[in-house]
Engineer: 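Pasting in a structure now, in structure tokens, and then I'll have a few things to ask.
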Amino acid sequence: MVRVRFAPSPTGFLHIGSLRTALYNFLYARHHGGVCILRIEDTDRTRFVEGAIEEQIASLAWAGVTFDEGPHVGGNYGPYIQSERFDLYRQYGMQLVESGHAYYAFDTSEELDAMRVRQQAAGIAPKYDRSSMRNQYTLGEQETQRLLDEGAAHVIRLKVPLTSDVRFHDEIRGDVIVNGREIDDQILLKSDGFPTYHLANVVDDHLMEITHVIRAEEWLPSTPKHVLLYEAFGWKAPTFAHVPLMLNPDRTKMSKRHGDVMVRDFAGKGYFPDALVNFVAMCGWNPAEDREIYAMHELIDRFTLDRVHKAGAVFDYKKLEWMNAEYLRAKAPADLAADLMPTLEQAGYTYRDSAFVASVIALLRERVTFLQDIATFGDYLFGDTLAPLDEATEAQLRDDAALRAALAAFRDGLTDAVLADADAFKAHAKASAEAAGLAMGKFMKPMRIVVTHRDVGADLHPTLQLLGSSRCIARIDAFLS
RNA sequence: GCACCGUUCGUCUAGAGGUUAGGACACCGCUCUUUCACAGCGGUAACACGGGUUCGAGUCCCGUACGGUGUACCA
């Protein structure tokens, strides 16, 4: 049984990179009929942000990523919030001390800083120096016990074996081997009693029977520590899979400054959740087919770890926009109408009914990227106020006698019946233009500008049809008067 | 600095020894259209470099370069 987990820290809004990691976990679990777990890693009390857990769950749900176990849905392996598992970590940390895989250290942060400065000056890699710092080994058993009895501040560190290589297999990167000398004696339990990520992560993954750890590439360098921890506990390590990072245009880890990075921002901008998910899924993975648009169930059907890329992928906002526009064009206008109506109302626009809104969407959606754009792009179809024409255009059109004649003729014969029939409409427009001695092309474009006060580029007949003959006639009259 | 990971058009990618190196976004052009968009057609554009292995290398191996990540009592 596949069991995966997405384990964010509640330090703010859900990042787009986190969404992708969560999505890959979700897709993997669903593909294998496994279980997808949400676990909150809030062991750093200083960075906790109120409401972050709820926001992240909401963002995930918006994107269609759901969980079988987690703080919001329960499950048999809870609690799913690490701060509620506090005692557990201390217990396991002590177990390691007793078995000789971890030890007490009493150094202050000043002492540690000084150590690093010394090491850097000497050109050595900064790493905890077990043989010279104040710890269980240098102090001796008695002194250590005395300090503990005294209640001296201390941490528990992992005793990394100096000799052997640490090796593990990564589903995406293959075999990774790291020399044991390179691994730091990582702090497992902080002086405030809370575990660090490394301890809590390993303990929970084991206790929650996680089979596959799918996480971002930034965790790759600390994976050897986790492997060591599994060995020290005598536990079987899960399968690891480190997914590539999503990058800024300059190829650094994706961040603000270069554009939106929070899922909430994308939602706010008007991206469809399925379009965002589709795009993000294809950013670092693809099913090797000649298509780009996939619904969630199709992604689930095709997702495999071996087709996840190794290299990071630059996040292309332009392509995301294109994809959103593709979704906008593919969805049923009737289903979209309800989503557009609040925006229309907010703008003070009026419209007959949702069917009308759906028609407007059908008419204009090929020209915009976001559904909400239709409100501004098609403002002439809603309400009665028109933006003023620019003076030059206005004067030019008004001085055109032939155009005025054609417009008048067009207005006189315009009825709902004419608008209802495209052929009748075309014939009527043609007759009006010809009677005034105008070519069709010289008539249609100015007419559209007169009626909509803008050259919006929409198809004339459906535009007028949506406008209705009476409103259309009123606008022509207003222009001619 | 050290460790690890990576490197196919500007970007996302296909490619698992023999391909005219394919697709998508973006860009440019043409067609359609009164116009814009959509659509269709076409174009510019890539295997980081150097050595091997092989009859043959984008594909395998080794270096180099470049880039990224990590190097916390943060995750």
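In what follows, every heavy atom counts, from backbone to side chain, and hydrogens, waters and symmetry copies are set aside. First the proteins, then the strands, lettered A, B, ... as listed; each starts at 1.
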Engineer: Going by the angle between their ring planes, with limits at 30° and 60°, are A:His154 and A:Phe106 parallel, tilted or perpendicular?
Structural biologist: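 It falls in the tilted class, 30° to 60°.
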Engineer: Quick one: is A:His309 getting a side-chain N or O under 4.0 Å of the B:A14 phosphate, OP1 or OP2?
Structural biologist: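 For B:A14, OP1/OP2 do have a side-chain N/O of A:His309 under 4.0 Å.
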Engineer: Could you tell me how the ring of A:Tyr271 sits relative to the ring of A:Phe370: parallel (under 30°), tilted (30 to 60°) or perpendicular (over 60°)?
Structural biologist: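 Aromatic pair A:Tyr271/A:Phe370 classed perpendicular.
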Engineer: Go ahead and name the base partner of B:G6; Watson-Crick or wobble counts if both distances stay under 3.5 Å, otherwise write none.
Structural biologist: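 Base partner found: B:C66.
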Engineer: Establish, with yes or no, whether the OP1 or OP2 oxygen of B:C27 is under 4.0 angstrom from a side-chain nitrogen or oxygen of A:Lys318.
Structural biologist: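 False: A:Lys318 side-chain N/O out of range (4.0 Å or more) of B:C27 OP1/OP2.
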Engineer: Please measure how far the C1' atom in B:U19 lies from the corresponding atom in B:U59, and state the result in whole Å.
Structural biologist: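 Nearest-Å result for B:U19 against B:U59 at atom C1': 12 Å.
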Engineer: Could you list by number each residue of residues 8-16 of chain A showing a heavy-atom separation from RNA chain B of less than 4.0 Å, or answer none if no residue does?
Structural biologist: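 Result for residues 8-16 of chain A: A:Ser9, sorted by number.
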Engineer: Does OP1 or OP2 of B:C12 have a side-chain N or O of A:Arg251 closer than 4.0 Å?
Structural biologist: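 Result: yes.
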Engineer: What's the gap between B:A26 and B:G40 when it is taken at their P atoms, as a whole Å value?
Structural biologist: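 Rounded to whole Å, the distance is 13 Å.
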Engineer: How would you label the contact of A:Met282 with the nucleic acid (heavy atoms, under 4.0 Å): base, sugar-phosphate, or nothing?
Structural biologist: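 Contact class for A:Met282: sugar-phosphate only.
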Engineer: For A:Arg181 and B:G1, what is the distance between atoms CZ and P respectively, to the nearest whole Å?
Structural biologist: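 Between P of B:G1 and CZ of A:Arg181: 20 Å.
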Engineer: Side chains of residues 275-286 of chain A: which donor-acceptor pairs under 3.5 Å do they make with residues two or more places apart or in other chains?
Structural biologist:
{"from": "A:Asn278", "atom 1": "OD1", "to": "A:Tyr294", "atom 2": "N", "distance (Å)": "2.7"}
{"from": "A:Asn278", "atom 1": "OD1", "to": "A:Tyr327", "atom 2": "OH", "distance (Å)": "2.6"}
{"from": "A:Asn278", "atom 1": "ND2", "to": "A:Glu292", "atom 2": "O", "distance (Å)": "3.1"}
{"from": "A:Trp285", "atom 1": "NE1", "to": "A:Thr304", "atom 2": "O", "distance (Å)": "3.3"}
{"from": "A:Asn286", "atom 1": "OD1", "to": "A:Ala288", "atom 2": "N", "distance (Å)": "2.7"}

Engineer: Looking across every strand, which nucleic acid part, if any, lies under 4.0 Å from A:Arg215 by heavy atom: base, sugar-phosphate, or nothing?
Structural biologist: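 If one applies the 4.0 Å heavy-atom cut-off, A:Arg215 turns out to touch nothing in the nucleic acid.
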Engineer: Just name whichever nucleotide pairs with B:U71, Watson-Crick or G-U, keeping both distances under 3.5 Å, else none.
Structural biologist: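 Across any shown strand, B:U71 pairs with B:G1.
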Engineer: If the C1' atom of B:C2 is compared with that of B:G52, how far apart are they to the nearest Å?
Structural biologist: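 That atom pair is separated by 29 Å.
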Engineer: Enumerate the residues from residues 120-131 of chain A whose closest heavy atom to RNA chain B is under 4.0 Å, giving them by residue number; use none for an empty result.
Structural biologist: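 Contacts with RNA chain B under 4.0 Å: A:Ala125, A:Pro126.
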Engineer: At 4.0 Å (heavy atoms only), tell me whether A:Arg47 reaches a base, stays on the sugar-phosphate, or touches nothing.
Structural biologist: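 Base contact.
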Engineer: Determine the Euclidean distance between corresponding P atoms of B:U13 and B:C74; express it in Å to zero decimal places.
Structural biologist: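 Between the two P atoms, the distance is 34 Å.
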Engineer: For A:Lys445, report the nucleic acid contact type (base, sugar-phosphate, nothing); a contact means any heavy atom under 4.0 Å.
Structural biologist: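 A:Lys445: base contact, heavy atoms under 4.0 Å.
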Engineer: May I have the step-by-step check of salt bridge (Lys or Arg N to Asp or Glu O under 4.0 Å) for A:Glu218 and A:Lys253, ending in yes or no?
Structural biologist: CA-CA 9 Å; A:Glu218 54 198 334; A:Lys253 194 156 80 170; 2.7 Å; yes
Engineer: Between A:Phe410 and A:Phe425, what is the ring plane arrangement, given parallel below 30°, perpendicular above 60°, and tilted in between?
Structural biologist: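 Perpendicular: the ring planes of A:Phe410 and A:Phe425 meet at over 60°.
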Engineer: Please measure how far the C1' atom in B:G15 lies from the corresponding atom in B:G58, and state the result in whole Å.
Structural biologist: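 Going atom to atom, C1' in each nucleotide, I get 8 Å.
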Engineer: Mind checking A:Val314 for me? I need base, sugar-phosphate or nothing, with any heavy atom below 4.0 Å counting as a touch.
Structural biologist: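 Sugar-phosphate: the residue A:Val314, judged by heavy atoms under 4.0 Å, touches backbone atoms but no base.
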Engineer: For B:A14, take OP1 and OP2 only and decide whether either is under 4.0 Å from a side-chain N or O of A:Asn286.
Structural biologist: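 Answer yes for this pair, as a side-chain N or O of A:Asn286 is under 4.0 Å from OP1 or OP2.
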Engineer: Counting only Watson-Crick pairs (N1-N3 plus N6-O4 or O6-N4) and G-U wobbles (N1-O2, O6-N3), all under 3.5 Å, who is the partner of B:U35?
Structural biologist: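 Base partner found: none.
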Engineer: Round to a whole Å and report the spacing from CZ of A:Phe315 to P of B:A26.
Structural biologist: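 That distance rounds to 15 Å.
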Engineer: How many angstroms lie between NE2 in A:His206 and CG in A:Asn201, if you round to the nearest 0.5 Å?
Structural biologist: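 Spacing of NE2 (A:His206) from CG (A:Asn201) equals 13.5 Å.
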Engineer: Quiz question: going by heavy-atom distance under 3.5 Å, is there a donor-acceptor pair between the base of B:A24 and the side chain of A:Lys319?
Structural biologist: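 Yes, a donor-acceptor pair under 3.5 Å.
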Engineer: Round to the nearest Å and state the distance from A:Glu326 atom CD to B:A37 atom P.
Structural biologist: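 Distance check: A:Glu326 CD to B:A37 P gives 16 Å.
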Engineer: How many Å lie between CE on A:Met447 and C1' on B:U34, as a whole number?
Structural biologist: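 Interatomic distance, CE of A:Met447 to C1' of B:U34: 10 Å.
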Engineer: Using the P atom in both, what is the distance from B:G18 to B:A75, to the nearest Å?
Structural biologist: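 So the two P atoms sit 48 Å from each other.
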Engineer: Applying a 3.5 Å limit to both distances, which nucleotide forms a Watson-Crick or G-U wobble pair with B:G42?
Structural biologist: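 By the stated definition (distances under 3.5 Å), B:C28 pairs with B:G42.
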Engineer: Can you check the distance between B:A14 and B:A57, where both ends of the measurement are the P atom (answer in whole Å)?
Structural biologist: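 It comes out at 23 Å once rounded to the nearest Å.
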Engineer: Is it true that a side-chain atom of A:Arg130 and a backbone atom of A:Val160 form a donor plus acceptor pair closer than 3.5 Å?
Structural biologist: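 At least one qualifying donor-acceptor pair exists.
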Engineer: How close or far is atom C1' of B:A72 from atom CG of A:Asp184, stated in whole angstroms?
Structural biologist: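 It is 9 Å, rounded to the nearest whole Å.
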Engineer: Tell which nucleotide pairs with B:C55, taking only Watson-Crick or G-U wobble pairs whose two distances are both under 3.5 angstrom.
Structural biologist: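 Checking every strand shown, B:C55 finds its partner in B:G18, with both distances under 3.5 Å.
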Engineer: Assess A:Arg39 against A:Phe6: is NZ or CZ under 6.0 Å from the centre of the six-membered ring, and within 45 degrees of the ring's axis?
Structural biologist: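 Geometry flag: not set, cation outside 6.0 Å or 45°.
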Engineer: Have A:Ser83 and A:Asp42 got a donor and an acceptor in their side chains that come within less than 3.5 Å?
Structural biologist: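 Distance-only check passes for A:Ser83 and A:Asp42.
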Engineer: Grab the OH-P distance between A:Tyr104 and B:C73 for me, whole Å please.
Structural biologist: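 Roughly 19 Å, once rounded to whole Å.
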Engineer: Would you call the rings of A:Tyr230 and A:Phe240 parallel, tilted or perpendicular if under 30° counts as parallel and over 60° as perpendicular?
Structural biologist: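 Ring orientation, 0 to 90° scale: perpendicular.
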Engineer: On a whole-Å scale, what distance lies between the P atoms belonging to B:A39 and B:A46?
Structural biologist: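 Rounded to whole Å, the distance is 26 Å.
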Engineer: How close or far is atom C1' of B:G68 from atom NE2 of A:His242, stated in whole angstroms?
Structural biologist: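 Those two atoms, NE2 and C1', are 15 Å apart.
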Engineer: Under 3.5 Å, is there a donor-acceptor pair between the side chain of A:Thr196 and the main chain of A:Ile187?
Structural biologist: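 Side chain of A:Thr196 to backbone of A:Ile187: a pair is present.
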Engineer: Under 6.0 Å from the six-membered ring centre of A:Tyr104 and within 45° of its axis: does the NZ or CZ of A:Arg157 meet both?
Structural biologist: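 Relative to the ring axis of A:Tyr104, which defines the angle, A:Arg157 lies outside at least one limit.
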Engineer: OP1 or OP2 of B:C73 versus the side-chain N and O atoms of A:Arg116: is any pair under 4.0 Å?
Structural biologist: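 Checking A:Arg116 against B:C73: at least one side-chain N or O falls below 4.0 Å of OP1 or OP2.
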Engineer: By the 4.0 Å heavy-atom rule, please label A:Lys442 as base, sugar-phosphate, or nothing.
Structural biologist: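 Since no nucleic acid heavy atom lies under 4.0 Å of A:Lys442, the category is nothing.
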Engineer: Determine: side-chain N/O of A:Arg307 to OP1/OP2 of B:A14, distance under 4.0 Å, yes or no.
Structural biologist: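 A:Arg307 to B:A14 OP1/OP2: side-chain N or O found under 4.0 Å.
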Engineer: Would you mind classifying the nucleic acid contact of A:Asn179 as base, sugar-phosphate or nothing, using non-hydrogen atoms under 4.0 angstrom?
Structural biologist: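 Counting heavy atoms under 4.0 Å across all strands, no contact is made by A:Asn179.
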Engineer: Nearest to the A:Glu366 side chain among B:A37, B:U69, B:A75, which nucleotide is it?
Structural biologist: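 Ranking B:A37, B:U69, B:A75 by closest atom to the A:Glu366 side chain puts B:A37 first.
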Engineer: Would you call the rings of A:Phe303 and A:Tyr24 parallel, tilted or perpendicular if under 30° counts as parallel and over 60° as perpendicular?
Structural biologist: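 Taking A:Tyr24 first and then A:Phe303, their aromatic rings sit tilted (interplane angle of 30° to 60°).
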Engineer: Name the closest nucleotide to the A:Trp322 side chain, picking from B:A75, B:C25, B:C38.
Structural biologist: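 Of the options given, the side chain of A:Trp322 lies nearest B:C25.
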Engineer: Is the phosphate of B:A14 approached by A:Arg291 (side-chain N or O, under 4.0 Å from OP1 or OP2)?
Structural biologist: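 Indeed not, no polar side-chain atom of A:Arg291 lies that close.
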